[in-house]
Structures are given as C-alpha cells and as structure tokens.
*Asks:* 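This is the structure I have questions about; it appears just below.
Everything quoted here is computed from the prediction, not taken from an experiment.
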Amino acid sequence: MRWLAPSFVAAGLAGCTAEITGDLPDAPDSPDSRDAPPDGAERIDARAPGVDAPAVGPDAGPGPILGTFALTYYWVTLESDYPGAADTTLYDRSCVALATVPSAFAQSLVIEGTGRLADGRTLNYAGACPCLFSPCFVVLDAAHPWGTGADGRALVPFRSIAVDPTVLAIGARYWVKELAGVTMPGAEGGFVHDGCVSADDTGGHILGMHIDFFAALRSNYLILDNRLGLAAVTLYEGGARCP
C-alpha cells in the first residue's frame, strides 16, 4: 500500500532523535546510473508470467472508455539514495527495531510505502503502531520483491497501479491509451508496453479519477516523466486487449 498522508509521521515521532517535517529532499538525479544492474548482478525480470502475452488478435480492442484520470507515479525508495546520519529507527508492529536509517529515507519510505535498505532487505508499510516511529513496516519475502498492495497482491513494475477502490475494482485490468507503444526504461523494463495495467494497490491520496503508476524505481519515474510529460491519461476497461 502506498501511504501519502503525513499525519502518522508527525504523531509517531515523539521521542525520536530526528523529526521528519517539510518537503522530501530530492534524491540524487542520476537516472542513468541505475538503468543497468550493478556488475555481476542478475537482471530481474519484472514481468509476471503471462503479463506480456500478446493481445487476443492484432485488432483486439479494449473495453469501454472510463474517462480521463490524473496520473502520478510511485516506486520502491532506496536507502542508498539518501546519504546522511542514520538517526531514525524503523519498527515492526511489535515495536521490534528493524533498522536505523537517515530521516529523509524514512520519510520517503512512509510516502512510497515500500523501500529497500542498504543491506538488501525490502520493507513494506504495515500500518500505524504505538512505537516511537509510526507507521511500522514488515520485511518482505521473495514472493513480493517489489512490495505488497491491496489484499496482499504482489506489485509488478510497470503493470501495477494504485487506485481508489470506490472508482476502479481491485484486481481488474485496464488499458491506458498513452502507455501503449512506450518502451519501459531501466533494468526492470526493456519491453514495449501494450497499455495493460492491473489495479493492485490503493493509496492515502489516490482518490477519485486518479491512478498511481508503479515505476519500480525513482530513476524509471524520472525517465518516463521526462519522456511523456503526462499529468493525465485516458483509461479504458481492459476488455479483449487486456485479458
């Protein structure tokens, strides 16, 4: 789940070493540096089995148009993008310390909902808790390498979207006209998008006709935002194009 409401941050910081306030400092703008995996690292295939299967016939169409939706992006935030003193402790729901990290990374983790620690573990939002820092987090398993969405759904880079479940159904597939034909960036991409996405997640500020596109990493978001420059997209039901 992506969590955008800052109220838990302020409430949970009483007694903490560092207070997280104000705007999130920008992570270093080096999108090119993470386009390829580090030397010796295995390329991760971000696509779930069958996700990128061709549409049912070249002329298969999407379902009915649903309208124009605001577009934002989210991603797995990386501790390595936030140098600085490790001054903020993150906890699980039992208030057992999971890690002590820079405060700017902690704030980014609260906003994005999922973050990767410098030691390789990935943490996911687990809701409010009575610890010194709230919300609390859970360490993800191998089945959810990119985070957990609504109903425990595994997030898939460039396929998952966060939605308002009163507007779009969790688990349903939709077609985004403006994504069709766009090559997805980074080691998590490398394929030409067919426009099909899945409503896998929700978010505190994802309300009404608004979708939040999961770009996997901030570097991918920067590339896509620069390339597309989109603030809104046209959404259709998936229909035969997104079986």
*Asks:* To check you understand the geometry: which heavy-atom pair defines the closest contact between Glu79 and Pro102, and what is its length?
*Replies:*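 Here Glu79 and Pro102 meet closest at OE2-CD, 3.7 Å.
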*Asks:* Distance from Asn226 atom CG to Ile223 atom CD1, nearest 0.5 Å?
*Replies:*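 Asn226 CG to Ile223 CD1: 9.0 Å, rounded to 0.5 Å.
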*Asks:* Go through it in stages, so that I can follow the logic: the residues are Ile170 and Asp200, the test is side-chain contact (heavy atoms from CB on, under 4.5 Å), and I'd like the CA-CA distance, side-chain angles, deciding distance and then a yes or no.
*Replies:* CA-CA 6 Å; Ile170 295 298; Asp200 293 330; over 6 Å; no
*Asks:* Distance-only, no hydrogens or angles: does the Arg93 side chain make a donor-acceptor pair with backbone N or O of Ala128 under 3.5 Å?
*Replies:*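 Yes.
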*Asks:* With side chains defined as the heavy atoms from C-beta onward, is the minimum distance between Val110 and Pro135 less than 4.5 Å?
*Replies:*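 The answer is yes; the side chains approach within 4.5 Å.
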*Asks:* Determine the minimum heavy-atom distance between Ala169 and Ala199, stating which atoms define it.
*Replies:*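 Looks like O-CB, 3.3 Å.
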*Asks:* For the atom pair CG (Leu179) and CZ (Arg159), what is the distance rounded to the nearest 0.5 Å?
*Replies:*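 So the gap between those two atoms works out to 9.0 Å.
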*Asks:* Any heavy-atom pair between the side chains of Leu123 and Val138 that's under 4.5 Å?
*Replies:*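 The answer is no, as the side chains (C-beta and beyond) never meet within the 4.5 Å cut-off.
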*Asks:* Just one of Thr89, Asp87, Thr88 clears the side chain to side chain donor-acceptor pair (under 3.5 Å) bar with Thr100, so which one?
*Replies:*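 With Thr100 as partner, Thr89, Asp87, Thr88 yield a single side chain to side chain donor-acceptor pair (under 3.5 Å), made by Thr89.
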*Asks:* Please answer: with hydrophobic residues joined when any side-chain heavy atoms are less than 4.5 Å apart, are Tyr221 and Ile161 in the same cluster?
*Replies:*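 Shared cluster, yes.
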*Asks:* For the residue pair Phe214 and Trp146, categorise the inter-ring angle as parallel (less than 30°), tilted (30 to 60°) or perpendicular (more than 60°).
*Replies:*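 Phe214 and Trp146: perpendicular rings.
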*Asks:* Are the side chain of Asn220 and the backbone N or O of Ala215 linked by a donor-acceptor pair below 3.5 Å?
*Replies:*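 Yes, the answer is positive, given that a donor and an acceptor are paired below the 3.5 Å cut-off.
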*Asks:* Can you measure from CG (Leu168) to CD1 (Ile211) and round to the nearest 0.5 angstrom?
*Replies:*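 CD1 of Ile211 is found 8.0 Å from CG of Leu168.
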*Asks:* Indicate if Met184 and Trp175 have the same hydrophobic cluster label, given that clusters are the connected sets of ILVMFWY residues with side-chain heavy-atom separations under 4.5 angstrom.
*Replies:*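 No, no single cluster joins them.
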*Asks:* Which heavy atom of Cys196 sits nearest a heavy atom of Arg173, and at what distance?
*Replies:*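 Minimum heavy-atom contact is CB-NH2, 3.5 Å.
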*Asks:* Going by heavy atoms in the side chains, are Leu155 and Tyr74 under 4.5 Å from each other?
*Replies:*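 Of all side-chain heavy-atom pairs linking Tyr74 with Leu155, at least one is under 4.5 Å.
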*Asks:* Before accepting this row, confirm whether a basic side-chain N of the pair Asp81/Arg116 lies closer than 4.0 Å to the acidic partner's carboxylate O.
*Replies:*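 Looking at Arg116 together with Asp81, the answer is no, because their closest N to O distance does not fall below 4.0 Å.
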*Asks:* List the atom of Arg121, the atom of Leu98, and the distance in Å for their closest heavy-atom pair.
*Replies:*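 Closest pair (atom of Arg121, atom of Leu98, distance): NH2-O, 2.9 Å.
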*Asks:* Using a 4.5 Å cut-off on heavy atoms from C-beta on, say whether the side chain of Leu217 contacts that of Glu188.
*Replies:*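 Yes, close enough: below the 4.5 Å cut-off.
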*Asks:* Indicate yes or no for a side-chain donor-acceptor contact from Ser160 to the backbone of Val156 under 3.5 Å, with no hydrogens or angles considered.
*Replies:*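 Yes; at least one donor-acceptor contact below 3.5 Å.
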*Asks:* Go through it in stages, so that I can follow the logic: the residues are Val101 and Leu109, the test is side-chain contact (heavy atoms from CB on, under 4.5 Å), and I'd like the CA-CA distance, side-chain angles, deciding distance and then a yes or no.
*Replies:* CA-CA 10 Å; Val101 301; Leu109 177 55; over 6 Å; no
*Asks:* Can you find a heavy atom in the side chain of Val182 that is under 4.5 Å from one in the side chain of Leu224?
*Replies:*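 With C-beta onward as the side chain, the pair touches.
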*Asks:* Rounded to the nearest 0.5 Å, how far does CZ of Arg218 lie from CG of Leu78?
*Replies:*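 Here the interatomic distance stands at 10.5 Å.
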*Asks:* For the NE2 atom of His210 and the CG atom of Leu71, what is their distance to the nearest 0.5 Å?
*Replies:*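 If I round to the nearest 0.5 Å, the distance is 7.0 Å.
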*Asks:* Within the side chain of Arg227, is there an N or O that forms a donor-acceptor pair under 3.5 Å with the backbone of Thr183?
*Replies:*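 Yes, Arg227 side chain to Thr183 backbone: donor-acceptor pair under 3.5 Å.
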*Asks:* According to a hydrophobic-cluster definition based on side-chain heavy atoms being under 4.5 Å apart (Ile, Leu, Val, Met, Phe, Trp, Tyr only), do Phe191 and Trp75 belong together?
*Replies:*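 Yes: a chain of side-chain contacts under 4.5 Å links Phe191 to Trp75.
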*Asks:* Taking side chain as C-beta onward, heavy atoms only, is Val167 less than 4.5 Å from Phe69?
*Replies:*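 In contact.
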*Asks:* Please name the pair of heavy atoms, one in Asp92 and one in Cys131, separated by the smallest distance, quoted to 0.1 Å.
*Replies:*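 Smallest heavy-atom distance, with atoms named: O-SG, 3.8 Å.
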*Asks:* Looking at every non-hydrogen atom in both residues, tell me the closest pair between Cys95 and Pro130 and how far apart they are.
*Replies:*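 Looks like SG-C, 4.0 Å.
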*Asks:* Specify whether Tyr82 and Phe105 have parallel, tilted or perpendicular ring planes, treating 30° as the upper limit for parallel and 60° as the lower limit for perpendicular.
*Replies:*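 Rings of Tyr82 and Phe105: tilted, 30 to 60°.
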*Asks:* So, does Asp201 use its side chain to make a donor-acceptor pair with the main chain of Ala162 at under 3.5 Å?
*Replies:*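 Absent.
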*Asks:* So if you build clusters from Ile, Leu, Val, Met, Phe, Trp, Tyr with side-chain heavy-atom gaps below 4.5 Å, do Leu228 and Val197 land together?
*Replies:*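 Linked, Leu228 and Val197 end up in one cluster.
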*Asks:* How far does OH of Tyr236 sit from CD1 of Ile65, to the nearest 0.5 angstrom?
*Replies:*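 Rounded to the nearest 0.5 Å, the OH-CD1 separation comes to 4.0 Å.
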*Asks:* Could you check whether the rings of Tyr125 and Phe137 sit parallel, tilted or perpendicular, using 30° and 60° as the cut-offs?
*Replies:*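 Rings of Tyr125 and Phe137: perpendicular, as their planes differ by over 60°.
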